[in-house]
There are 2 protein chains.
Amino acid sequence: MTEPRWLDQRENRAWRGYRRMRGLLDLQLARDLAADSGLSEPDYDVLSTLSETEGHRLRMIDLAGWLLWSKSRLSHHITRMEQRGLVRREESPGDGRGAVVALTPAGLDAIVAAAPGHVESVRRHLIDHLTEDELETLAAITTRVVAHLTAHADT
Amino acid sequence: MTEPRWLDQRENRAWRGYRRMRGLLDLQLARDLAADSGLSEPDYDVLSTLSETEGHRLRMIDLAGWLLWSKSRLSHHITRMEQRGLVRREESPGDGRGAVVALTPAGLDAIVAAAPGHVESVRRHLIDHLTEDELETLAAITTRVVAHLTAHADT
DNA sequence: CCGCCGAGGTTGACGTGTCAACCAACGTCT
DNA sequence: AGACGTTGGTTGACACGTCAACCTCGGCGG
């Protein structure tokens with residue numbers, strides 16, 4: 001039980017900054033999105049993913065994989081979205097276990113209506129405050145960290 | 001209703017990277033923390049803040065301000081932590097509306113025991129993957145974005 | 001063909017956090 | 001002193017997400 005390697009000042013500024021930004025930014029984006037479209041961020045993620053696939057439908061497992069969500073989380077969320085008429089569950093052809101999620105017309109309308117405002121919100125609160133170099137650095141950082149996290153999904 | 005300024009490729013990489021990292025990183029940190037201390041991240045934030053104050057106590061409003069939490073959120077969370085014996089509510093001297101949160105001995109033990117492991121976890125999953133320049137850039141980005149968000153708390 | 005394991009999915013209980021409504025004490029203005 | 005808006009705090013309903021348990025179907029090996 002040796003003395004832990006506490007964070008030095010530079011590390012602390014980065015870490016605390018991240019935590020603070022994360023809290024405030026996500027809250028603000030969620031509020032903007034909810035206010036002008038009635039969707040939550042998870043709703044938006046599901047709908048935008050489906051809207052980009054051919055046939056506007058995906059198997060649960062594939063959707064979960066793309067979003068990096070657990071099966072459980074996806075199942076719960078799809079249940080809620082289904083009740084609001086945004087998506088529909090269908091049987092999977094050729095696999096009795098299967099379940100496919102399909103975009104409904106209402107779901108498509110919702111994402112089409114929400115997208116411009118959401119992008120605008122992301123710009124206003126984050127992207128437009130960063131320089132090109134900062135964007136590159138942010139992309140590099142996140143890519144590396146994500147790679148590490150998905151590699152050691154266990155540890 | 002002009003055409004929205006969609007994100008270009010660079011912006012997209014940064015934005016998607018951020019979203020992905022946020023999801024995976026927070027989940028992993030929360031899991032590590034829960035596994036070796038039984039605390040959640042919000043628990044940790046409350047306890048570590050209190051442990052750094054003189055008297056190990058703070059008014060609700062001040063604690064909420066420091067953590068950037070809503071009054072509601074703090075009240076709910078303190079209720080849960082109080083039931084687990086980590087903190088205690090006290091009356092505020094000189095202000096009948098007041099409420100003060102105080103660390104209990106059990107709460108102090110918990111944060112002291114949890115801190116080394118948590119720092120280690122933060123290093124392993126994030127900090128140790130970044131160069132010094134990247135740490136500086138991350139701190140700069142987050143500071144600027146947080147400043148903007150707290151300034152226009154309304155818009 | 002049967003037994004069994006793994007893959008795909010659902011469910012329930014619970015902790016967390018949001019918003020909105022509400023309440024009580026404070027301070028100020030007259 | 002009395003009226004009244006503000007500040008500090010709580011509560012309830014509900015959305016979200018985790019874990020763990022469970023179920024069913026698919027694919028294999030013997």
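Chain naming here is simple, since letters A, B, ... match the order of the sequence lines and numbering starts at 1 in each.
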Taken to the nearest whole Å, CG/Leu67(A) to C1'/dC16(D) is 15 Å
Do the side chain of Arg97(B) and the base of dT7(D) come within less than 3.5 angstrom through a donor-acceptor pair of N or O atoms? yes
Are OP1 or OP2 of dC16(D) and a side-chain N or O of Arg80(A) less than 4.0 angstrom apart? yes
Starting from Leu67(A), can I reach Val145(A) by hopping between I/L/V/M/F/W/Y residues whose side chains sit under 4.5 Å apart? no
Under 3.5 Å between N/O atoms: give me all the protein pairs with nucleotides 1-3 of chain C, atom names plus distance.
none

Backbone of Leu86(B) reached by a side-chain donor or acceptor of Thr104(B) within 3.5 Å: yes
Please report, rounded to the nearest Å, how far the C1' atom of dC19(C) is from the CG atom of Leu27(A). 11 Å
Which is more 5' along DNA chain D, the nucleotide nearest Ser92(B) or the one nearest Arg73(A)? Just name the residue. Ser92(B)
Would you say the side chain of Ser70(A) and the base of dC19(D) hold a donor-acceptor pair, judged only by whether the two atoms sit under 3.5 Å apart? no
Output the rounded distance in Å from CD (Gln83(B)) to C1' (dT16(C)). 14 Å
Ignoring hydrogens and angles, answer whether the base of dG9(D) and the side-chain atoms of His76(B) contain a donor-acceptor pair closer than 3.5 Å. no
Can you measure Arg89(B) atom CZ to dG8(D) atom C1' for me and round it to whole angstrom units? 12 Å
Using a strict threshold of under 4.0 Å (side-chain N to carboxylate O), is an ion pair present between Glu134(A) and Arg144(B)? yes
Does Arg84(B) have a side-chain nitrogen or oxygen under 4.0 Å from the phosphate oxygens OP1 or OP2 of dG15(C)? no
For Asp45(A), does its backbone N or O pair with a side-chain atom of Thr49(A) as donor and acceptor, under 3.5 Å? yes
Leu74(A) near the nucleic acid: base, sugar-phosphate alone, or nothing, with a heavy-atom cut-off under 4.0 Å? nothing
For atom NZ of Lys71(B) and atom P of dT7(D), their distance in whole Å: 10 Å
Whole-Å distance separating the CG atom of Asp95(B) from the P atom of dC23(C): 20 Å
Name the closest nucleotide to the His77(A) side chain, picking from dT10(D), dC16(D), dG12(C). dC16(D)
Does Arg22(B) make a cation-pi contact with Trp15(B) (under 6.0 Å, within 45 degrees of the axis)? no
With a 4.0 Å limit, can you tell me whether Arg31(A) has a side-chain N or O closer than that to the phosphate oxygens OP1/OP2 of dC19(C)? yes
Report yes if a side-chain nitrogen or oxygen of Ser40(B) is closer than 4.0 Å to either non-bridging phosphate oxygen (OP1 or OP2) of dT16(C); otherwise report no. yes
Which residues within residues 42-66 of chain A lie with some heavy atom under 4.0 Å of an atom in DNA chain D? Pro42(A)
Please report the shortest heavy-atom distance between Ile127(A) and Leu7(B), naming the atom on each side. CG1-CD2, 4.3 Å
Look at the side chain of Thr79(B) against the base of dT10(D) and say whether a donor-acceptor pair falls under 3.5 Å; ignore hydrogens and angles. no
Rounded to whole Å, CD of Glu91(B) lies from P of dT10(D) at a distance of 12 Å
